[in-house]
Each structure stands twice: as C-alpha cells, then as structure tokens.
Amino acid sequence: MADVLTQNGFRAEVMRKEGAPTLLHCEAMRQGKVAKDVVVECCFIPMQLPAEDMGLLQFFITLFQGAPEGNEHQLIRACAYCNDYCALGAFGFFEQAGQLYLKHNTLVDGSLALEKLIPFVADNISVLLAAVSRFIDGLAEVAYAGMTLQAVIEQGLFPKLG
C-alpha cells in the first residue's frame, strides 16, 4: 500500500511495532491554496467482528495543529458545517492541541484479494483528500484569521445551499 501511495505522489511508510496495530503513515503535500502538508494515518483496529476475516480500518487525517486560541467556537461550527457536505468522514477539532482533523472508519473484508483491497483503501484516501482540499482554505481562515463561518461561506470558501 505504501508503494502505491508513494507512486502517486505521497510520502508514505508502513510503521510496525510489536503489540500495536500496523500503521500506514503518509503525507500529502501542499493541500489547498494555503499549501499545507497534511498527514494521513490509517490502521486496522483490533476488535470483535461477526466474521474473523473482517477488519475495521480507521483513517485519521491531520489538517493542521496549533490553531490560536480564541477561534475554537467558530472552528467547531465550521467543522459541523463542513460535515454536512463531506462524502466520507467527519471533521473535528481537538481543542487542547489546536488540531483540526478528518476521521473516517470503514469495514474491510479481508477475504478479498489484495488486488481489490489496495484500490479500495486508495480510493478512500482519495475521497478523504478531496474533502481536505475542498475545505482546508476556509478552515484555515477560521482558525488563523479568525473569520466567522458566515464570512467564509460568503467568500465562497465553503459551499452554500441555493
């Protein structure tokens, strides 16, 4: 999987540690007009499922960290707004770290051939990164410039109904 991502322009590596789930760590460079590098991490979460060849694959994408204090309320509102337009995953804001993220979980059928699993995972990453590039500029304006959600919508940085 890391090889496939590397061939498609990501910096990717598989991280293995005894007793911990295998983690795929990759970076997507220069997302949005703000040109922020985002970190994509995904791993299979050990859990009980009805079939032993099923697994839960969790994606966690860090858009940025260190958002200044004072904009938390608007960031939380902006994340909720973006989630209404997001095809996969959910945006969130971890206040203690000033970290904005996109998270997604999906079930994976381990009985499928590797040739089918790799495109499935890569497609999920592509759709999640499309959401990142669609919203990262508006979220950066809210986080760093202190713009309100309404101002970001009016500037066309977020989609608007009607």
Side-chain angles (χ1 to χ4, degrees), residues 1-17 19-67 75-95 97-143 152 157-161:
M1 186 66 201
D3 292 340
V4 170
L5 290 169
T6 301
Q7 292 169 7
N8 287 289
F10 295 91
R11 292 183 293 216
E13 66 179 309
V14 175
M15 303 165 84
R16 291 186 178 101
K17 185 177 178 185
T22 298
L23 177 73
L24 173 65
H25 176 96
C26 65
E27 295 177 25
M29 284 93 54
R30 297 180 299 282
Q31 297 295 304
K33 291 179 183 174
V34 292
K36 294 288 284 183
D37 292 356
V38 299
V39 176
V40 180
E41 295 172 310
C42 59
C43 69
F44 285 96
I45 306 297
M47 61 182 287
Q48 295 288 76
L49 291 169
E52 62 183 46
D53 56 358
M54 297 287 288
L56 181 67
L57 181 60
Q58 183 176 65
F59 296 90
F60 191 86
I61 301 174
T62 302
L63 279 71
F64 44 81
Q65 299 185 70
L75 269 173
I76 292 167
R77 289 187 65 220
C79 288
Y81 185 86
C82 294
N83 288 338
D84 288 340
Y85 294 92
C86 204
L88 281 183
F91 286 96
F93 178 62
F94 182 55
E95 291 182 52
Q99 181 181 39
L100 198 70
Y101 62 86
L102 178 62
K103 183 175 73 170
H104 173 64
N105 296 318
T106 188
L107 287 174
V108 176
D109 183 354
S111 68
L112 294 175
L114 198 56
E115 296 80 30
K116 292 188 179 193
L117 285 178
I118 289 175
F120 173 78
V121 173
D123 288 348
N124 271 266
I125 290 173
S126 294
V127 173
L128 290 168
L129 284 176
V132 167
S133 30
R134 182 177 189 190
F135 296 108
I136 194 169
D137 293 324
L139 290 167
E141 289 291 341
V142 173
V152 170
L157 295 172
F158 285 165
K160 184 177 176 181
L161 286 177

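All heavy atoms count here, side chains included; hydrogens, waters and symmetry mates do not.
For A67 against F93, the heavy-atom pair with the smallest separation is CB-CE1, 4.2 Å. Nearest heavy-atom pair, L157 versus G138, reported as atom, atom and distance to 0.1 Å: CB-CA, 3.9 Å. In plain terms, the two heavy atoms of E27 and H25 that are nearest each other are OE2-NE2, 3.8 Å. The shortest heavy-atom contact between V142 and A78 is CG2-CB, 4.3 Å. Of all heavy-atom pairs spanning F135 and P159, the tightest one is CE2-CD, 3.5 Å.
Side-chain atoms of Y101 never come within 3.5 Å of backbone atoms of Q65 as a donor-acceptor pair (strictly under, hydrogens ignored).
Distance check: L139 CG to Y81 OH gives 12.0 Å after rounding to the nearest 0.5 Å. Going from atom NZ of K103 over to atom CD of E41 covers 13.5 Å, rounded to the nearest 0.5 Å. Between atom CD of residue E95 and atom CD1 of residue I76 there is a gap of 4.0 Å, rounded to the nearest 0.5 Å.
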For a quick test of your reading: what N or O donor-acceptor pairs under 3.5 Å do the side chains of residues 113-127 make, sequence neighbours left out?
unit_1 : atom_1 : unit_2 : atom_2 : d
N124   : OD1    : H104   : NE2    : 3.2
N124   : ND2    : F120   : O      : 2.9
S126   : OG     : A122   : O      : 3.1

Between side-chain atoms of residues 56-64 and protein atoms elsewhere (two or more places apart, or another chain), which donor-acceptor pairs fall under 3.5 Å?
unit_1 : atom_1 : unit_2 : atom_2 : d
Q58    : NE2    : N105   : OD1    : 3.2
T62    : OG1    : Q99    : NE2    : 3.3

Below 3.5 Å, can you tabulate the donor-acceptor pairs from side chains in residues 32-40 to any protein atom, sequence neighbours excluded?
unit_1 : atom_1 : unit_2 : atom_2 : d
D37    : OD1    : R30    : N      : 2.9
D37    : OD2    : R11    : NH2    : 3.4

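Under the side-chain contact (heavy atoms from CB on, under 4.5 Å) test applied with L102, the options C82, C86, C79 reduce to a single match, C86.
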